[in-house]
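Have a look at the structure below before the remarks.
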Protein chains: 2
Amino acid sequence: MRIIVLQYLMEQIKAVSLRSTEDAMEMSDKSTIYRTLKTFEKNKLVHTIDDGTKQLKYALCLESCKCEAIDLHYHFHCSSCQSTYCLTNHNIPKIDLPKNFQMHQANMVIKGLCAECHK
Amino acid sequence: MRIIVLQYLMEQIKAVSLRSTEDAMEMSDKSTIYRTLKTFEKNKLVHTIDDGTKQLKYALCLESCKCEAIDLHYHFHCSSCQSTYCLTNHNIPKIDLPKNFQMHQANMVIKGLCAECHK
DNA sequence: AATATTTCTGCAACTCAGTTGCAAAGTTTA
DNA sequence: TAAACTTTGCAACTGAGTTGCAGAAATATT
Ligand SMILES: [Mn+2]
Ligand SMILES: [Mn+2]
Ligand SMILES: [Zn+2]
Ligand SMILES: [Zn+2]
């Protein structure tokens, strides 16, 4: 199962939801795929993106990724087609926080229209 | 009801959930408060923050806010105490997007430990 | 003031993504 | 082979959010 799900993830250019992964492999149960994705997440093969739809999205990490602050990047969610993309070109800049606040992670989602939908 | 909810919002320094608002005013029904918050959102009195907990957070907009791209700011969510703060000091920088992508909104959440929890 | 119209509220029911317990199936190890 | 461990499918559950509806309350009209 893990191999199949991993293969599916590798084929995608967009982040996927549990639901869409489930639909892509009809033979298998939701909870199995759920647990597979969670295993991937725990082992830092994928990161998750909360894009404001109620469905959490999963995307493969880059080779170099350790899922630490330094690996963080923005994401783009198209309000029209609901696609969610990793914007891995640039990492997020250093943000100055209130005194004694400490950053570990981030969920950065830009919303708007993707190239397809913006015509 | 709207006045009571608005007052509650003004007292807070953290973003609030539907749930916590509900708890703060025992006399009133969940759906009423829900609709009140949604009305505020539609009329740009509050903005919402999806901080990765399953509960959407609401926070009062600044006076000047038109809920447009220019008004966007980062948010901070403490992984320990679950508090969510608006970081209104700085607006988010211009982010360069793939060709023909257009930004309208954003949900930017930094996660880590707040001053209280970081000892 | 009395009536009609509109808005607000509380309740209950529903949706839907995510999550979990459990037992059966499959795999690895001794 | 038998024991130990891991993975899977199923069904049931959770909890935030959402909605229809009818009665209450407020506002407008006569
Ligand atoms: Mn990503
Ligand atoms: Mn804010
Ligand atoms: Zn699109
Ligand atoms: Zn904290």
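A note on names: the letters A, B, ... follow the listed sequences, proteins ahead of strands, and every chain is numbered from 1.
- Checked by atom type and distance alone, the side chain of A:S20 never pairs as donor or acceptor with a backbone atom of A:V16 at under 3.5 Å.
- The closest side-chain heavy-atom distance from B:Q55 to B:L18 is not below 4.5 Å.
- Aromatic ring centres of B:Y58 and B:F40 lie farther apart than the 6.0 Å criterion allows.
- More than 12 heavy-atom neighbours from other residues, nucleotides or ligands sit within 6.0 angstrom of CD on B:Q12.
- Between A:K38 and the phosphate of C:dT19, there is a side-chain N or O to OP1/OP2 separation shorter than 4.0 Å.
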Check: What string of B, S and - do you get for nucleotides 5-17 of chain C, 5' to 3', if B is base contact, S is sugar-phosphate-only contact and - is no contact with any protein heavy atom under 4.0 Å?
Finding: ---SBBB-----S

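- If you measure from atom CG of A:L37 to atom P of C:dT20, you get 15 Å, rounded to the nearest angstrom.
- Checking the phosphate oxygens (OP1, OP2) of C:dT19, a side-chain nitrogen or oxygen of A:Y34 falls inside 4.0 Å.
- Remark: C1' of D:dA16 and CD1 of B:I49 are 17 Å apart, rounded to the nearest angstrom.
- Checked against a 6.0 Å centroid threshold, the rings of B:H77 and B:H75 do not count as neighbours.
- With 3.5 Å as the limit, one finds no donor-acceptor pair spanning the side chains of B:K57 and B:S17.
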